[in-house]
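Worksheet: one structure, shown below.
Just so it is clear: chains get the letters A, B, ... in the order the sequence lines come, proteins before strands, and each one is counted from 1.
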Amino acid sequence: MRTTSHILLSPEELDEDIQPLVDFKTVSTVESRGAAESIAHDLNNVLSLIAMATELLGFRELGPEEQRFLGIIEDGITRGHGISRRLFDLVKWAGAQ
Amino acid sequence: MNQPKILIVDDDSRISSLMRIILARVGYDVREENRPFAALATAQEFRPDLVLLDVDMPGKDGGMVAAELASDPAIAGTPFIFVTSLVKGNEAGMRGAVRFVSKPVEPALLLAAVEEAISQSTVSVQAKNTR
């Protein structure tokens, strides 16, 4: 049995058939970039809250174990910041393509 | 001497209240405004020495609020610091005449930027007064 590996289309047909797909892809890309940027913004706001609250906790006298927990939180903030940076870089990269 | 006054304009009250506590701890007189459309009225009443402006706010973004404040001759000379995710930590600082603090907000960097903006503003006011 033969299977069809490709279909021949005239340029007019190609434009007509492909354009909606191109439009959809463009809209999807723009929307994805907007969504990624929005997620990075929200993540940064959450990280800001944690970073500032952690700083204020640091002014209190904490025991060694609490200090260790504080260190874990600070490490989490740094890692979260790395994720948001990667998201922003991805958005910039996608915009440049 | 009166403590320098700082107005924080941020639609997220949790962020503005933590910023207020951090800045008040080192002696600044801080006011929060969580409604960007009310920033001008609050600034006219509070007369801040510095405004911390969130960039990404619904309805009226930080740039629009800055333009509105700059249009009032009584507030026009007040320095701003924009607080934004759009610059990375190592890109923050002065860009042209505009100062930025990047999000997530690092308290030490926030305090350093505020101190620098206030001291430069004081120097420029003193220079203007001695002319």
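Atom NE2 of A:H81 and atom CD1 of A:I83 lie 11.0 Å apart (nearest 0.5 Å).
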Which atom pairs, donor and acceptor, lie under 3.5 Å between side-chain atoms of residues 38-63 of chain B and protein residues at least two apart or in another chain?
residue, atom, partner, partner atom, Å
B:T42, OG1, B:E33, OE1, 2.6
B:T42, OG1, B:A38, O, 3.0
B:Q44, NE2, B:D72, OD2, 2.6
B:E45, OE1, B:R31, NH1, 2.8
B:R47, NH2, B:A74, O, 3.4
B:D49, OD2, B:K5, N, 2.6
B:D54, OD1, B:K103, NZ, 3.1
B:K60, NZ, B:E68, OE1, 3.3
B:K60, NZ, B:E68, OE2, 2.8
B:D61, OD1, B:G63, N, 3.0
B:D61, OD1, B:M64, N, 2.9

Donor-acceptor pairs are to be reported for all side-chain atoms of residues 63-72 of chain A against protein atoms at under 3.5 Å, with residues two or more places apart or in another chain.
residue, atom, partner, partner atom, Å
A:E66, OE1, A:G63, N, 3.2

Could you list the donor-acceptor pairs under 3.5 angstrom formed between side-chain atoms of residues 52-62 of chain A and any protein atom two or more places apart in sequence or on another chain?
residue, atom, partner, partner atom, Å
A:T54, OG1, A:I50, O, 2.5

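Under the 4.5 Å side-chain heavy-atom criterion for ILVMFWY residues, a single connected hydrophobic cluster contains both B:Y28 and B:V105.
In this structure, A:S38 contributes its side chain and A:G34 its backbone to no donor-acceptor pair below 3.5 Å.
Close approach to chain A, defined as a heavy atom under 4.5 Å from one of its heavy atoms, is seen in B:R14, B:I15, B:L18, B:M19, B:I21, B:I22, B:R25 of residues 10-26 of chain B, taken by number.
Note: A:N45 leads A:V46, A:L47, A:N45, A:I77 in heavy-atom pairs under 4.5 Å with chain B.
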